[in-house]
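All chains are named by letter (A, B, ...) in the order of the sequence lines, taking the proteins before the strands, and each is independently numbered beginning at 1. Quantities reported herein were computed from a predicted structural model and do not represent experimental measurements.
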Amino acid sequence: MLVKDIRACLYSLSKVKVFTITIISTLALTLGTLVAMFNLNFTILSASLPYPNAEQLYVSKAVHYIKDRVEFDDFTPIPMLLEIYENEKTPESQTALFGYSEEVIRSKVETPQVNTTYITPEFMPMLGFTFHLGRGPSADEGLNSMQPIAVLSYQAWQKYYGQAADIVGQSIQIDQVNFKVIGVLSEQNREPEMLTPGRLTDVWLPWDYYSFQRRDAQHWGITGPNRHVLIKKAGAVDIPTINHQLSTHYNSRFKTQTASSSFFDDMTITLELLPLREKIHGDSASKTIWLLLGALCLLLIACANIANLILARAVNQQRDMAIKAALGAGRGHLSRGIFIELLILTSCAAMFSFAVSELCYYLLRLVAADNLPGVLNLSTNFITVALCLILAVLLASLGAWLVSKRINFKQLNSQLQSSGKGTGLQIKTETRKALIFSQLFLASLLLLACSQTFINAWGLLSQSPNFSTSERYEVELNQLVEQRPAREQRDAFYAERRQQLLDVTAALKQNPQFKAVSLTTGTPIEFGLSTFLATDSGFQAQYSVSGNIVDESYLPLMEISLLQGRNFTTEEVNSQSAVLIVNQAFAEQLAPQGDAIGKRFYWLNGRRHIQYEIIGISENLAIPDKPDTARMWAVDRLSAYTPAFIIQTHTGQQILPQSINQTMAQISKRWRVAEIQPLSQQLSNSLAIHQVAGWAALSLATITLLIALIGIYGVLNYGVSMRRYELGVRMAIGASPKSIVLGLLGENTKVIFTALGCATFATVAAMAWLANSEVMFSVSLLGFVLPLSLIIGITAATTVLAASGVITKPALYSLRSN
Amino acid sequence: MKETILTMSGITKVFSTEEMETHALRGIDLEIYKGDFVSICGPSGCGKSTLLSILGLLDMPTDGSYKIEDLEVSQLTLAAAAHIRNEKIGFIFQSFNLIDELTVYDNIALPLRYRKTPMSNADIDHAVMSCLTKVDMAHRAKHRPNQLSGGQQQRIAIARALVGNPALLLVDEPTGNLDSKNGDAVMDMLKTLNLEGTTLCMVTHDPRYADMATRKLHLLDGKILAPQTHTNANAVIDTF
């Protein structure tokens, strides 16, 4: 019986190919998107991490406060890490140090920059890492053993060493140290993406060689990010209590160790243990949940579409159902047939939805790998298959229930009694209009939201940052780690380094491929120096600012406009004058009356006993999300930081690291090129989240438009199907095709504009709410006009399309209800 | 000499499906004159309704010539056919076919609102009320069709058919959904209209009503069987 029913349904569906394809494609598209977004959220919120006893793993997080204001979030002094590492190591608790960095493999000619993580031996066993070749660090290669060993990731072994089978035992030079490779991790290992999503380690090195460990192991006053203790606590633990105890203890240690400096007087520190899941995923769920809600909204629209289409089909099947009812079929018999037909459709859609999900994963990897954790590992799995199948059965059941509820046995009987002449079923006007309203409202709402998001993102992406990036490159340098010289030798040490850098700059300027060269500590996109200016030498009245140290070529090369004052001179650069240029936003903070030029301030990272004079005010940089951030440029203290060059090339010229390495080698062995990055790419990377938002909005808008098209057509077609006979009567008494279409449009005008109005109101309300939040969002008139026009256009077009079944045939065809 | 309203010559209608062809009409030749009351009779499936549909431009013939007032209408576009239907033909259906959502008044006014040359509201009102009075239903103008009896609904349908002052009134089993009393009343009304000069063409199964026509056509297997006979134009129903 079941097989016969299935065969009958398959035959029946083969006769309505457009209906079948529409339902399957609509459902596959939305179901696939929903399942992909569910998988993403499930991975972030609930999926178990692939580490042994992952729920027992915690990561240390220290936060510095000045009074109640967060000053350094997740920055930890090295000595504090060392104390946590030793103190928390108990029979019930394991600890491991780890810190992230980037290094250059100097033993390779192309000096590739690789991601490195410095660890103690406990780290890999705690995460259950396995090895493709060799082994991991052993206990006797732990803290203070100074064993130069390295473990390569599988990808780095492939990429940089061509899967050399004899890699174990070979040496790689990083900084001045030759590290002996002792192992290669297996391909299956999944490193927790704790620094940023998508950031994977290439080379694992001993903690002893971590530059900060070597330099700052005794300095509680020097703090930094990207270094933590991994802690595994067995058994039941009361984390809030532990965090309170840790904060109290380490704040006390911090205060004791920094008591000699008044700078730290108002500073306190807290320490907490973050569950590993929270460390990896952070607040990603707050972003991905919107994607899930968007996908759910799409599925709802699709369900409304499908409901309309199956109702329209039920109308067309009335006579068949009437005959079956006359032969004794009950509601259950009729519903069973409908359910089987729908189950065939939803099951086919579920199969295709896996392909859609895979496409979503591919797109996510393409645009969001650097923004969302876990994206790299998303794939179809048992849970997504089960969810998809459950949804398929659920949707089929709901559809069958909906249709069976609409079957009116009395009307079915009258259908037969009148021999098909004159009792075409009429759906209530209110029901019809409610269907059109819901369809238009949901589609308009989603389309308005997508349009506003897209236009907002597009506006941010296309706006000028107020500096030039074209044919400009940042050449990041890697420098040998050297022991901090004794205080009396420090000035000579820095002077020598500085002179070398100036010599390299001068040499690079001779390169005919380069149009301009500037020596700096960073680009306008990444201000590396977080510092303070103050009106007093005790830094009580201080202003927080991000800065870069530059030379006189920097601002002209970057085409950053000066609104007041002047640029640095060569003499000021050479003599390391106490002069500053600040941006407009910072100038307004420092001197609200507008007289910042000539004012003098103490600079925390400069020579603390002298004041620095502001000689220029630049235009604010228009970097999205931080257009009014305080910025400053100085020419002093350059050699104390990791330097970089900004190079502007002549059109069509390329920069090769070998060429710059050669130039630098003639002056000093200290420097090597770490990375060369076009500024356009760097800017693009900083805009990644807006690019993701833009693409996601565009994709969602396209899908919405597609589904809205199908949905609105479905609703109107349903309406026309229900009124086919009535329209036939109108045609019989002389209504032309044009007047039928105009009539249909006219009848729906009120409901169309009500739906559009409600959607617009809801969007405006959402935007007003967003305006009061921290989200920066500008409202676009085009973002309203475009989607609303599209919806109106679609409605008009689909009205014509839906009416075409009536108006393109002689009136008699509509008057024949069968 | 009688004025010809319509002329059909060699009209055929073939319905085709994937498996078979059905010849509904096989070479119909027919002339209807102004003031005629033509009845079309025949067994089920003989092509009565198909002929009426083609007469009313609700469907197009497969072959043959069809002229209304000397205008060839057998191959008109749908829009042109709608225009002719609106201006020259009135329909009365077996199942009344009134639109439930519209009042009686609006149902009757509907053909005038579809006019190619828009009519003023005053003209529409005058025409509608005149027709409502003619069928004695003026007091029901604001009612909805489902508030009326079957007989009343058919009278409204007649009013709607008359409101455009058509050259030809096509009537499809006008009493099929009515009891005999209401059926007779409707037929009496149609007869009166004919006597007043309206040209009618009616499909019916009922020989009593067929006999009321001035001409009776017998259809069988898509052909007109007998010669077009003239019957007693003054026949009235016994009950009246």
Report task. Return the option, out of Leu110(B), Leu58(B), Ile84(B), with the maximum number of heavy-atom pairs under 4.5 Å with chain A. Result -> Leu58(B)
Requested in this report: Give, as side chain, backbone, both or neither, the part of Phe96(B) having an atom under 4.5 angstrom from any heavy atom of chain A.
Outcome: neither
Query raised in the report: Given that the side chain runs from C-beta out, which part of Lys809(A) has a heavy atom under 4.5 Å from chain B: side chain, backbone, both or neither?
Result: backbone
Query - Proximal component of Ala79(B), with respect to chain A [non-hydrogen, under 4.5 Å] - result: both
Query raised in the report: For Leu112(B), is it the side chain, the backbone, both, or neither that has a heavy atom closer than 4.5 Å to a heavy atom of chain A?
Result: neither
Query raised in the report: Is it true that a side-chain atom of Asn748(A) and a backbone atom of Ile752(A) form a donor plus acceptor pair closer than 3.5 Å?
Result: no
Requested in this report: Measure from the side-chain N and O atoms of Glu173(B) to the backbone N and O of Phe93(B), and report whether any donor-acceptor pair falls under 3.5 Å.
Outcome: no
Report task. Flag the pair Lys13(B) and Asp59(B) as a salt bridge only when some basic side-chain nitrogen lies within less than 4.0 angstrom of an acidic carboxylate oxygen. Result -> yes
Query raised in the report: Is a salt bridge present between Arg313(A) and Glu341(A), judged by a nitrogen-to-oxygen distance below 4.0 Å?
Result: yes
Query raised in the report: Given a strict heavy-atom distance threshold of 4.5 Å, which part of Arg115(B) is in contact with chain A: side chain, backbone, both, or neither?
Result: neither
Query raised in the report: Does the Thr50(B) side chain pair with the main chain of Ala24(B), one donor and one acceptor, at a distance under 3.5 Å?
Result: no
